[in-house]
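Below, each value reflects all heavy atoms present in this structure, side chains not excepted, and no hydrogens, waters or symmetry copies.
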Amino acid sequence: MTGAGTNGGGTRGGDGVAVLERFHAEVNSGDPERVMAAIDAFVAPDVDFRPPAPAGESGLRALKRVWEVLLTAFPDIRVTVEETVSEGDLIVSRNTVTGTHLGDYRGLAPTGRAVEYGEIFVFRVAGGRITEIRGVVDVLTQLRQLGAVPS
């Protein structure tokens with residue numbers, strides 16, 4: 001489901017959704033260089049990044065660090081967009097994330113286990129770039145699937 005609107009910055013909701021779709025296509029490449037290049041291309045340098053992120057880092061650097069960690073731990077990570085809703089310059093994306101735990105993650109040695117968990121993100125897009133990211137990730141389900149916490 002996608003709604004479209006217009007905001008004062010000149011970015012229509014549909015334009016922001018297109019930016020997000022191109023960003024997700026690169027993220028799903030599994031290629032760390034392409035992911036970092038996509039972050040540089042589609043995310044504003046002064047992005048307000050507020051999902052769970054490594055302590056002591058913020059903005060663009062924190063976003064890159066999150067993806068470095070994820071791509072190391074889950075080299076086959078895939079973000080499937082299940083639903084997108086947009087209004088003005090805001091886009092909400094409900095996603096399913098899948099991957100196989102093949103590298104260190106949060107101090108947990110590789111288990112070879114598959115994970116599948118949900119996340120919801122709110123993006124703000126202005127001038128063709130993502131300027132704000134806020135999200136909620138179901139890390140508890142992920143860690144249960146990895147055997148790091150009891151079910």
Q: Find out if a path of hydrophobic residues (ILVMFWY) with successive side-chain heavy-atom gaps under 4.5 Å connects L70 to L102.
A: no
Q: Could you walk me through whether D76 and T98 pass the side-chain contact (heavy atoms from CB on, under 4.5 Å) test, one step at a time?
A: CA-CA 8 Å; D76 62 343; T98 57; over 6 Å; no
Q. Hey, are the side chains of I120 and V92 touching, using non-hydrogen atoms and a 4.5 Å cut-off?
A. yes
Q) Taking all atoms of both residues into account, what is the closest heavy-atom pair of E26 and A38, and its distance? A) CB-CB, 3.4 Å
Q | Minimal non-hydrogen separation, R144 against R113, with atom names | A | O-NH1, 4.4 Å
Q: Quick one: which residue pairs count as a ring pair (Phe, Tyr, Trp, His ring centres under 6.0 Å) with a foot in residues 58-84, not counting sequence neighbours?
A: F74-H101, F74-Y105
Q: Sequence neighbours left out, what passes side-chain hydrogen bond (donor to acceptor under 3.5 Å, both in side chains) with N28? Give chain and number order.
A: none
Q.
Is the shortest side-chain heavy-atom distance between R134 and R124 below 4.5 Å?
A. no
Q. Can you find a pair of side-chain heavy atoms, one from F121 and one from I91, that are under 4.5 Å apart?
A. no
Q | Contact check, side chains of F49 and V66, non-hydrogen atoms, under 4.5 Å | A | yes
(Q) Between E21 and V81, is there a side-chain heavy-atom distance shorter than 4.5 Å? (A) no
Q. How long is the span from the CD1 atom in I130 to the CD atom in E132, to the nearest 0.5 Å?
A. 11.5 Å
Q: Begin with the C-alpha distance, continue with both residues' side-chain angles, and end with the deciding distance and a verdict on salt bridge (charged side-chain N to carboxylate O under 4.0 Å, His left out) for R94 and E82.
A: CA-CA 6 Å; R94 183 177 60 82; E82 304 291 349; 5.2 Å; no
Q. Only one of T100, L143, L146, V97 forms a side chain to side chain contact (heavy atoms under 4.5 Å, CB included) with V115, so which one is it?
A. L146
**Q.** Residue pair V79, E119: steps toward the side-chain contact (heavy atoms from CB on, under 4.5 Å) verdict
**A.** CA-CA 9 Å; V79 178; E119 62 182 20; 3.8 Å; yes
Q | Hphob cluster co-occupancy, I133 + I77, side-chain heavy atoms under 4.5 angstrom | A | yes
Q) Taking a hydrophobic cluster as the set of Ile, Leu, Val, Met, Phe, Trp and Tyr residues connected by side-chain heavy atoms closer than 4.5 Å, whether directly or through intermediates, do V69 and L108 fall within one such cluster? A) yes
Q) Roughly how far, to the nearest 0.5 Å, is the OG1 atom of T131 from the CG atom of D46? A) 8.0 Å
Q) Considering all heavy atoms of both residues, which atom of D138 and which atom of Y117 are nearest to each other, and what is their separation? A) O-CB, 3.8 Å
Q) Between E33 and M36, is any pair of side-chain heavy atoms under 4.5 Å apart? A) no
Q: May I ask you to decide if T96's main-chain N or O and R78's side chain share a donor-acceptor pair within less than 3.5 Å?
A: no
Q: Rounded to the nearest 0.5 Å, what's the gap from CG on D40 to CG on L63? Could you check?
A: 10.0 Å
Q | For the student: nearest non-hydrogen atoms of L20 and S93, plus distance | A | CD2-CB, 4.2 Å
Q. Looking at residues at least two apart in the chain, or sitting in another chain, which of them share a side-chain hydrogen bond (donor to acceptor under 3.5 Å, both in side chains) with R106?
A. none
Q. About how many Å separate NZ of K64 and CD of E68, when rounded to the nearest 0.5 Å?
A. 8.5 Å
